[in-house]
Structure formats: structure tokens, C-alpha cells
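Following: one structure in C-alpha cells, then a few remarks.
Given the structure is predicted, the values throughout are model-derived calculations rather than measurements. No hydrogens, no waters, no symmetry mates; every other heavy atom, side chains included, goes into these values.
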Amino acid sequence: MGTVAAQELIADIGVEMSRFPTAAHLVSWSKFCPQTHESAGRKKGKGRGKGNRWLAGTLARIVFSVSKADTFLGERYRRIARRRGKSKALVAAGNSVLTVVYQLLSDPQAHFRDLGADYDGTRINKDRRARSLASQLQAPTGQKIIIPHGKAVLVEPETA
């Protein structure tokens, strides 16, 4: 994030964070969170609310600038954009930017430390994920799948 973007954020949000009890309150106030309308048990996504368009523009510029970078926020944007689309990824990454800004402005002792682009990849237990995928395959096919030493093996049912 550049100096101009930081100045624009401070001009729109202010530096006094005591009026927001949590970071979620700041995100909600800025209308940079997805809305959900539910009626009779059916959920209907409505995008995000109409908030401060100058703040939204600043957040969009920040997110697009980090989207190509090899950082945690850049990888978060790219990962969500692959699955859900660019507009939802923009809102999710903007939500994360506002959360970081809230934490930095509310605590004068806080310092920003990027978690790195591989943060989510290092937190996935590959053995557990493989067992989960194998059990999902077992349900519709009825075959028994075991994974010894990282290799999937089909176990044939014994016939008597």
C-alpha cells in the first residue's frame, strides 16, 4: 500500500478506532462485507451494500495492487478469484485489508508482518486431506480406499 492510499484510508476512516468495538464493526460500517438475504430458508446473496464509494475505490486500488504481489493478501485474492470470481475476491481481500488497518490503528504498538503467500498451504495437513478425499470417493463408489505412504490403494472386497 502506498502513501497516497494510506492517506485516503485515514481521510475516509479516521484514526480514532475507539468508535468501532471490533474490526468486524469497521468492515460492516464501510459496507465492505457481503450481504445475505434469507427468506423461508432460502439464502439469496445480494453482493455488498452501498457504502462510501471513495473508500471502496481506495480499497479496490489497494487490493488490485497487492493481487499480483507475492504476499498473503495477494494469494488470498488469487485463491478466492479462482473459485468464486474477481468481484467476490475483491470484497474478501478488501475485508482483510480493513481488518489489518483496524488492528494497526487501534494498537499503537502493533506492527504489520506479512504471513507470506504460502501461509494457507503450510497449514493444510496433507495426510488428513488425502484421507478426507478418499472417504468422499468411498461413499459413492462403495470401494475401500486406503492411503499408505502417500499412495492411494483400492482394496478389493473379499468374496466368500
Side-chain angles (χ1 to χ4, degrees), residues 1-137 139 147 150:
M1 176 168 42
T3 307
V4 174
Q7 290 171 343
E8 289 177 0
L9 274 178
I10 289 174
D12 288 332
I13 297 171
V15 291
E16 185 59 39
M17 291 292 115
S18 63
R19 61 185 172 146
F20 303 112
T22 64
H25 284 85
L26 170 63
V27 172
S28 180
W29 171 84
S30 66
K31 301 283 193 261
F32 227 77
C33 53
Q35 289 182 331
T36 304
H37 294 281
E38 187 173 340
S39 175
R42 297 186 60 172
K43 292 182 181 178
K44 304 169 189 170
K46 295 291 183 185
R48 62 177 199 87
K50 304 287 187 219
N52 184 342
R53 61 184 174 148
W54 303 108
L55 177 60
T58 301
L59 286 171
R61 284 192 300 279
I62 292 169
V63 169
F64 284 131
S65 70
V66 300
S67 68
K68 305 266 192 260
D70 193 28
T71 61
F72 171 73
L73 290 172
E75 181 58 31
R76 178 174 171 78
Y77 173 82
R78 289 187 297 272
R79 189 180 67 245
I80 295 172
R82 273 193 307 268
R83 291 180 298 147
R84 313 273 321 260
K86 291 182 179 179
S87 63
K88 291 193 181 195
L90 175 83
V91 172
N95 190 321
S96 297
V97 168
L98 278 175
T99 302
V100 168
V101 167
Y102 174 83
Q103 296 300 331
L104 291 174
L105 289 177
S106 63
D107 183 13
Q109 302 300 323
H111 296 286
F112 178 72
R113 183 177 62 94
D114 188 42
L115 298 174
D118 61 341
Y119 178 74
D120 287 325
T122 59
R123 296 182 54 86
I124 295 173
N125 185 336
K126 291 183 181 9
D127 293 331
R128 175 188 265 175
R129 180 73 176 138
R131 285 194 310 270
S132 172
L133 290 171
S135 67
Q136 289 176 18
L137 278 174
I147 304 176

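Closest of all the heavy-atom pairs between I80 and A89 is CG2-CA, 3.6 Å. The minimum heavy-atom distance between V63 and G94, with the atom names listed, is CG2-N, 3.6 Å. In terms of heavy atoms, Y77 sits closest to L90 at CE1-N, 3.8 Å.
Atom CG of L73 and atom OG of S65 lie 9.5 Å apart (nearest 0.5 Å). Taking CD from Q7 and OG1 from T58, the interatomic distance works out to 11.0 Å, rounded to the nearest 0.5 Å. For the atom pair CD1 (I13) and CZ (R19), the distance works out to 8.5 Å, reported to the nearest 0.5 Å. In this structure, CG in N95 is found 9.5 Å from CG in L59, a value given to the nearest 0.5 Å. Atoms CZ and CG, on R78 and D70 in that order, are 6.5 Å from each other to the nearest 0.5 Å.
Between V66 and F72, the closest side-chain pair of non-hydrogen atoms is not below 4.5 Å.
Checking S96 against R76 by side-chain atom types alone, a donor-acceptor pair falls below 3.5 Å.
Under the ring pair (Phe, Tyr, Trp, His ring centres under 6.0 Å) criterion, Y102 pairs with no residue, sequence neighbours left out.
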